[in-house]
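Just so you know, these numbers use all the heavy atoms, side chains as well, and skip hydrogens, waters and symmetry mates. Here is how names work: the chains are called A, B, and so on, in the same order as the sequence lines, proteins then strands, and each is numbered from 1. Since we're looking at a predicted model, the values are computed, not measured.
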2 protein chains.
Amino acid sequence: MNERDDQVRARACLTAVAEPGNTWLAELLDRHGAARVWTALAGGQAPPGTGPVNADAGPETHRAMERTWKQWRARAERVDPDGLLGASAERGVRFVAPGDPEWPGRLDGLDPGPYGLWVRGGGDLRNLCLRSVALVGARAATSYGEHVASEMACTLGEHSVVTVSGGAYGIDGAAHRAAHAVGATVVVLACGLDVDYPRGHAALFADVARRGVLVSERPLGATPRARDFLVRNRLIAALTPGTVVVEAGRRSGALNTATHATSMGRSVMAVPGPVTSALSVGCHALLRDHGALCVTGAADVLEYLAGEAGPEPSGPVRVEADLSPETERVLAAVPRTGAGTASIALECGGDLEGTMRALGVLAAAGLVERCAAGWRPTRT
Amino acid sequence: MNERDDQVRARACLTAVAEPGNTWLAELLDRHGAARVWTALAGGQAPPGTGPVNADAGPETHRAMERTWKQWRARAERVDPDGLLGASAERGVRFVAPGDPEWPGRLDGLDPGPYGLWVRGGGDLRNLCLRSVALVGARAATSYGEHVASEMACTLGEHSVVTVSGGAYGIDGAAHRAAHAVGATVVVLACGLDVDYPRGHAALFADVARRGVLVSERPLGATPRARDFLVRNRLIAALTPGTVVVEAGRRSGALNTATHATSMGRSVMAVPGPVTSALSVGCHALLRDHGALCVTGAADVLEYLAGEAGPEPSGPVRVEADLSPETERVLAAVPRTGAGTASIALECGGDLEGTMRALGVLAAAGLVERCAAGWRPTRT
């Protein structure tokens with residue numbers, strides 16, 4: 001395993017021990033690299049280079065850091081790196097780290113950014129996010145809100161703009177369903193990609209994964225807690241050049257996403273609705289008090305994004321990748337009838353992890369896609 | 001008749017010969033005074049002081065002015081000043097000119113302003129407009145729009161903010177009806193105050209006139225033509241510190257009122273609605289492209305007007321007027337059972353015009369009000 005693989009592997013392991021968005025860990029990664037941090041954790045050692053990092057911290061902060069590090073170390077003891085990546089690969093879940101071809105450049109604007117992202121699905125996260133917009137809103141949406149979200153997501157999809165949203169009922173679900181009908185969509189989850197939360201969206205997630213992607217900062221098996229949704233919301237805002245709030249009550253999580261978008265200098269758009277509807281109160285507050293742009297349909301969104309999202313591609317998004325010899329070998333090993341990652345690795349003579357990463361690149365390039373059996377060459 | 005009466009009388013006559021908002025006439029009035037202009041017209045003479053006024057005008061403009069002057073002269077021949085004011089007074093309609101106590105100060109921001117205003121009703125135009133807002137919108141409103149207009153007008157009225165609007169079906173009517181239920185309202189018409197256009201609002205106009213006022217730049221008997229509504233709209237915008245567009249299609253006249261408000265530096269507010277409603281398209285365009293303030297109810301309007309409309313009065317608006325001896329005489333002549341203007345004039349020994357003006361002042365002071373018979377002392 002080379003130095004780069006080492007770093008990526010360490011980042012994957014760190015998603016299993018630390019909460020997403022921990023500023024201290026982000027700082028440690030910046031200063032010492034993931035591999036060194038992980039080695040210290042897994043080896044029961046002290047955090048690397050505590051000197052300069054903690055120079056300004058008071059004794060209280062020091063104690064809190066000690067507690068946190070201890071907790072991470074306890075969790076690290078139970079992490080089996082090979083098992084973590086292997087089990088993920090077996091379920092069609094790849095790990096994408098900063099610097100990878102599939103890593104969305106926009107995430108560099110996020111501080112603290114994700115340690116890495118777990119990704120599932122036939123689409124390429126980076127490509128899908130290039131021309132994208134976040135469509136967010138209330139879980140307990142009205143039929144008006146779901147109608148507007150559907151219309152908007154569908155028309156945006158027809159103009160090759162990808163919908164990015166959470167996985168909740170209401171606006172999120174309506175947007176993904178409509179976007180999926182015409183193209184790819186990006187679902188950002190607050191739990192592990194095998195958890196299917198909410199349960200009623202299991203079939204939708206499976207559908208979405210065919211062309212689009214499911215993304216999470218958290219490893220397989222992680223169940224969602226209240227704070228995870230808030231941390232997740234910053235990721236939705238960060239992946240896109242703009243966030244549209246379709247319908248939101250006075251204290252909707254969608255407003256949290258909009259706040260993140262504002263703080264990153266991304267556009268915040270709001271769809272007006274009846275002033276008699278409690279589910280439009282949040283949208284009107286954004287328009288009235290927070291300088292949100294008023295959007296009444298996909299045309300308005302496209303106009304606002306025109307300057308930010310790059311030119312409209314003439315056809316479907318597909319990367320003409322320069323494939324490495326190893327990736328070429330993996331591609332040759334993918335049977336027309338489809339096969340699981342482990343069988344493909346066996347067939348091409350590579351290891352599981354390398355094969356999984358190669359499949360990610362191939363999926364990103366539009367050369368392979370997910371199927372019931374695992375992966376197959378993309379059908380045109 | 002004194003000099004002032006002469007000027008006012010001339011202005012009243014001019015409303016019967018020239019279209020409202022004629023810039024040339026406004027200029028002539030500024031330079032020469034209404035009496036001199038009227039004398040020239042009624043005497044079949046040339047316009048006064050043509051030299052400096054027309055200095056920059058080309059020959060084409062000169063010919064157009066000649067045609068216009070000729071047309072006014074022809075109409076002036078048919079105007080009987082005594083008949084005009086007498087017939088108006090008999091129908092409870094008074095004439096208010098710039099400089100009169102009832103003249104709204106805000107109209108001085110309008111160029112060209114009205115030559116004068118015909119006013120009917122027990123309220124005082126100037127006082128009513130002090131804390132007011134224009135609520136305008138589509139004739140073919142939806143039940144949503146009418147609901148919002150009613151709620152808003154009613155709550156504003158409860159906070160002593162007077163609704164100013166046109167007399168049309170839809171938003172105008174809904175706003176006036178609700179505002180009238182809790183206080184006074186100002187109806188600005190594009191026709192003579194005896195014309196009752198639209199016919200279906202005759203009863204509403206009669207109701208409104210009890211506490212509020214009906215206003216028009218046009219004399220009794222004048223029927224409304226398409227352009228009159230547009231000229232009228234500038235008056236609605238000018239009378240108020242802000243205009244709220246409740247519901248408006250893509251080409252609604254309400255947008256015309258909003259444009260006038262913007263050009264006079266008054267606030268423009270828009271009520272959002274369903275993006276699926278064609279009747280909210282105009283409101284959303286104002287929010288999106290014209291910097292209108294988003295208002296979702298009376299509370300937002302009150303907040304925006306707080307700095308502009310002066311302090312909220314603690315009780316109903318009523319002027320403690322210093323009455324002139326003549327006005328005192330007229331007040332003493334108003335019987336408890338009510339009487340027409342002519343009978344009151346006869347009773348107090350004044351002329352019709354003076355009595356009419358005194359009744360206007362008394363109504364403004366809240367001391368007399370309209371009744372079926374004409375005028376009666378205000379019942380408390």
Side-chain angles (χ1 to χ4, degrees), chain A residues 135 137 141-156 171 174-175 242 244-250 258 267-306, chain B residues 135 137 141-156 171 174-175 242 244-250 258 267-306:
Chain A
L135 290 191
T142 68
S143 57
Y144 165 71
E146 296 198 0
H147 169 79
V148 174
S150 302
E151 284 282 314
M152 199 173 265
C154 180
T155 309
L156 288 171
I171 299 300
V244 179
V245 181
V246 178
E247 207 172 36
R250 194 173 289 282
S267 302
V268 173
M269 294 159 267
V271 176
V275 298
T276 46
S277 165
L279 268 296
S280 286
V281 167
C283 293
H284 296 150
L286 286 174
L287 290 173
R288 207 180 44 217
D289 306 324
H290 301 281
L293 303 162
C294 175
V295 291
T296 60
D300 291 344
V301 177
L302 289 168
E303 197 183 316
Y304 284 132
L305 295 181
Chain B
L135 291 191
T142 68
S143 57
Y144 165 71
E146 296 197 2
H147 169 78
V148 173
S150 302
E151 284 283 315
M152 200 173 263
C154 180
T155 309
L156 288 171
I171 299 301
V244 180
V245 181
V246 177
E247 206 171 36
R250 193 173 290 282
S267 302
V268 174
M269 293 160 267
V271 176
V275 298
T276 46
S277 164
L279 268 297
S280 285
V281 166
C283 293
H284 296 149
L286 287 174
L287 290 172
R288 206 179 46 217
D289 305 326
H290 302 281
L293 304 163
C294 176
V295 291
T296 60
D300 291 344
V301 176
L302 289 168
E303 196 184 316
Y304 283 131
L305 295 181

For the student: nearest non-hydrogen atoms of B/Cys294 and A/Arg288, plus distance: O-CG, 3.0 Å
Contacting region of A/Asp300 [heavy-atom separation from chain B under 4.5 Å]: side chain
Minimal non-hydrogen separation, A/Val275 against B/Val295, with atom names: CG1-O, 4.3 Å
Heavy-atom pair count under 4.5 Å with chain A, highest-scoring of B/Val271, B/Leu293, B/Thr276: B/Thr276
